[in-house]
Amino acid sequence: MVKVVIIDDEKNGRDIVKQYLSFYCDDIDVIGEANSVESGFELLSKQTPDIVFLDIQMQDGTGFNLLEKLPQRNFKVIFVTAYDQFALKAIKFSASDYILKPVEPDEFVEAVERVKSELANQNQAKDDRIDALLSISKKNDFTKIGLPTSEGIQFVKVDDIVRCEADGPYTQVFLSTGERVMVSKNLKIYEDLFANSNFIRVHKSHLINTSYIDKYMNNGGDGGSVAMADGSIVEVSRRKKDELLAMIK
Amino acid sequence: MKKIFIPLIMAALLQMLSQTVCSQETDNDFVDPNQPQIDSLLNATNSESSDSIKAMNYYKVSNLTCDNDTRIKYAQLSLEYCKPADTKIMSNNYSNIAYAYYMKDESRTALKYRFKAANIFHELSDKKNEAITFLLIGNCYLDLNIKDSIFYYYNKAIVYFTETQDTNLLISSYNNLGQIYSNMSLFVNAEENHKKALDYSLATNDTLQMAHCYCYLGMAIANQSDSLINQAIRYLAKSVRLFESKVIINRRIVEEKYNAYMLLADTYIKAAKLTGENVYADSCYMFLKKIGNYYQTVGSNYSYVHYQYSYADYLILSKRYNDALAVLLGINKYLTNNSTTFAFDDYHRYLYEVYTKLGDYKNALKHHEKYMEYKMAHVNDSTLNSIKNSEVERTRMLDSVNHHYETLRIEVEHQQELAQTRMRTRVLLSVALLFIIIGVILFFFYKTTKENEENKLRNKALEIERSLLRTQMNPHFIFNALNSVQSFIVGNNTQEAVRFLSKFAKLMRMILNNSMVQSVTLSNEMQSLSLYLDLERARFGNKFNYRIDIDDNVEEDLVNVPPMLVQPFIENAIIHGLMHKADGEGLITIKITENDNDSLTCQITDNGVGRKAAAELEKNSERKHKSVGMQLTRDRLRDLNNETNAKMSCVITDLEDNDGNALGTQVTIIIPIMDGNEEI
């Protein structure tokens, strides 16, 4: 049985998670509930859950505040939030799991199943994504990003990413070290995460870091192509040529 | 006045080299006085077979002729027949060629031949001729204004002449040097050299030689300083006495005698001006009379002009201005283009002086200007003038300017007054003009700034309006959707309510995000559209289907469009078209294609009842549906058109079959493709 704790300051919020768990999921044992940062801390100090459903905005603080108070975090966290763009960005950068309110049943099940499989595959319960998340949100530092791979989460510097290439529903991330990381998220997600930085979606399959452009070439398609520092040649869509040239000028 | 000496000394030196000196000026109908001799020599040479004799004869011809080109021609011819042993003839030929070039004012070429000659003299150890050639080389350098070389070769020559005690050549050398220094306005050095020449000449007992030397020395001293004028007069008078003590037949020496008279007369005038003593003026007049008598009989261009000036000067001194004017105006006919600058500037200087004295300021001013013109030209082109010289010139010029200013003061003051009035008017006009220009600039600046501000405000207003229009759609959605949720709950359809609500939340999230940007990707827009359609479909109990068909050419992830533009048309199609449809399954097709001109065509087709039927049906309806979304969209299209000049349009077509039965409605919207995503 997977032991679950639900922390949310609204009773409706806790109830819907409880109902969804009983309705859609097997082998779940809800061992406790809390309605604030304070009571959540007390609960988690006593209990040892496998999964914590944690609301971000609460009356007496945030879910992040609660996590900071706990030195030992031997549990997985699924964040539940209504609408908090900053927190969401931090969660996405740390590749943590989250669900949005109102909770969509399919997404809920997907998140729970993912965490359960993680629990089954890993001996160590401690989750370094939470450390990363707390660091990101505390320092407002979005220079590192967690890439979820088949082996776990790999943290890389955003500046070390040369380019991302769509590979069906997955994304191949090419690093300046020559390493290639296959990520189980689609390219659009990274395009959104890296908006307002050096990245540009130059093609339906390519998101590139303009810092690593060696040169722009007129050949190779309507919009030309770019030679990247790692030796790769990336096609540029005609649609994006002007925007790219304006960016690297 | 100074320049005349150099040709004289040249003549003296050249005679020593046994070359013919022709006193006549070369002109067109010139006949060589030695022509008979030349002709006979040339005839003899034609029948001659010996090269040596030919060389000698040609050399003689080149020596006899007075024409420079002829001299060069025969000297070159002679050189062709010269054997290597004929060094003497060769050197003489070189000297002849050099002389001819020197006379032709081609000193650089002359120099080349002088050096050739000097080399031969050196090889022959003919030191005397080598030294003389050095002197002549010095003269070439004098013409070329290369001072160091002048003194270097003169000194080389003098060293040799001193060794051999060649008195005549030493006298000539020192006098030449003195003249060179005089020309450089270094009168102390000039005096020194002339004094050396005089010392040597005193040893020769040659009266004429002594006369020459006294003359030069007197000149150098006269030029040196006004305080030494008495000494200068003493030397010049001595020179004149020595000339007069001899009966002179040689015309050249006679000219030198009269030249000495002239110098003495000039010096007397100067002394008279300096001291104001009549005795000097009287002495001057005495010599001028002698000179005048002589020139009336002989007639000599340059010297005669010089005399006339001196005479005019004397007349001015004696306050006989009208006489002086007559003399000066008479000089005009002697002045040609070939005359020296001195002649011209003297002419204007004296005329200026006379006119000033006569009170004719207009003419005085005219000649003063001309005088200054020549003076300036002279100062500029005379590179030999030392700094000292130019200082003297400057002082002189300043003096004349001061003088000029004094005499023309009244006129100048009057003119200044006029100029001041003119200037005042000009300044006033300028200031007025400046103010007008500044005013115009300020006006335009103000206008542009205001326009810019207005533009900015207008854009801001447009943006706010657009953002309002985007968010205004939200309540419309919200209440319709909430209405649907309510209906599911009332109908106890919990599962459907949950799914519907999740989709609704997702759509709300997208609308919220999209309302903050001016453009979204087409894929984003289509995602929100399909969410919307899913919700509507659920609301109407899956009464219709929809299909979104994006052309393969369209890169939906990369193309940006204004958010939430199409949704109201879909809403229209559902409510007015499909909702009334009684039989058959409703279908909405959304077809997106890309146009060449950076725009998309969105075609929304429904198979509803058509607009006519809808209007008919809704007329009877209690609740008159007011299409808020459509009106809002039209407003947005209008604003976007205003801002981007894009040709966005919206055409509604009623689809009918051949019998005129309604098949549905088709809405065709042209949507602009927008630049990159921009947060607001």
Side-chain angles (χ1 to χ4, degrees), chain A residues 12 15-16 19-20 23-24 80-85 88-89 98-110 164-166 171 186-192 194-197 199-208 210 221-223 235-247, chain B residues 478 481-482 485 488-489 494-517 519-527 531 534-535 550-561 594-600 672-680:
Chain A
N12 286 339
D15 286 351
I16 195 113
Q19 291 219 1
Y20 275 22
F23 201 85
Y24 297 112
V80 186
T81 182
Y83 191 83
D84 186 332
Q85 298 296 72
L88 213 54
K89 194 178 175 187
Y98 66 95
I99 46 181
L100 296 168
K101 291 183 196 173
V103 185
E104 218 263 336
D106 293 345
E107 284 176 9
F108 182 86
V109 173
E110 209 180 300
C164 304
E165 187 176 341
T171 301
N186 69 37
L187 189 60
K188 175 76 179 160
I189 285 165
Y190 291 101
E191 184 188 355
D192 292 342
F194 298 151
N196 305 320
S197 67
F199 286 79
I200 177 173
R201 179 90 176 261
V202 291
H203 187 263
K204 63 182 174 195
S205 303
H206 296 288
L207 175 71
I208 62 166
T210 53
D222 283 350
E235 196 185 333
V236 177
S237 166
R238 178 182 60 87
R239 186 57 64 199
K240 287 289 179 170
K241 178 184 169 182
D242 291 345
E243 197 183 327
L244 170 71
L245 292 180
M247 226 175 141
Chain B
I478 292 164
L482 288 176
V485 179
F488 289 128
I489 295 165
T494 322
Q495 285 279 49
E496 206 52 41
V498 165
R499 294 204 181 276
F500 186 91
L501 206 55
S502 300
K503 277 204 168 143
F504 174 70
K506 216 171 186 173
L507 182 60
M508 283 304 299
R509 220 178 276 282
M510 286 192 83
I511 291 170
L512 207 56
N513 287 339
N514 291 351
S515 71
M516 285 190 282
V517 292
S519 68
V520 295
T521 59
L522 183 64
S523 56
N524 189 316
E525 176 70 3
M526 287 303 124
Q527 200 187 338
L531 277 172
D534 285 345
L535 292 171
I550 299 174
D551 196 86
D552 286 345
N553 293 339
V554 183
E555 297 177 292
E556 51 180 325
D557 276 352
L558 308 178
V559 170
N560 286 296
V561 294
E594 187 172 341
N595 308 318
D596 291 337
N597 58 344
D598 260 4
S599 63
L600 297 173
I673 293 175
M674 304 187 73
D675 293 334
N677 216 338
E678 200 180 314
E679 299 227 2
I680 56 168

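Because the structure is a prediction, the values reported are computed rather than measured.
- Nearest heavy atoms, B:Leu558 versus A:Arg239: O-CG, 3.7 Å.
- Residue B:Glu555 holds its CD atom at 6.0 Å from NE2 of A:His203, rounded to the nearest 0.5 Å.
- Using a 4.5 Å heavy-atom threshold, the side chains of A:Glu107 and B:Lys506 count as touching.
- Scanning both residues, B:Asn560 and A:Lys240, for their nearest heavy atoms gives ND2-NZ, 4.3 Å.
- In this structure, the separation between CG on B:Leu501 and NZ on A:Lys101 is 13.5 Å, given to the nearest 0.5 Å.
- Between the NZ atom in A:Lys188 and the OG1 atom in B:Thr521 there is a gap of 3.5 Å [rounded to 0.5 Å].
- Within the 4.5 angstrom heavy-atom criterion, no atom of A:Ala166 approaches chain B.
- Residue with the most contacts toward chain B among A:Lys204, A:Glu191, A:Arg201: A:Arg201 (heavy-atom pairs, distance under 4.5 Å).
- Atom CG in A:Asp192 sits 8.0 Å away from atom CG in B:Asn524 (nearest 0.5 Å).
- Between A:Phe23 and B:Val498 there is no side-chain heavy-atom pair separated by less than 4.5 Å.
- Using a 4.0 Å cut-off between a side-chain N of Lys or Arg and a carboxylate O of Asp or Glu, A:Glu104 and B:Arg509 do not qualify as a salt bridge.
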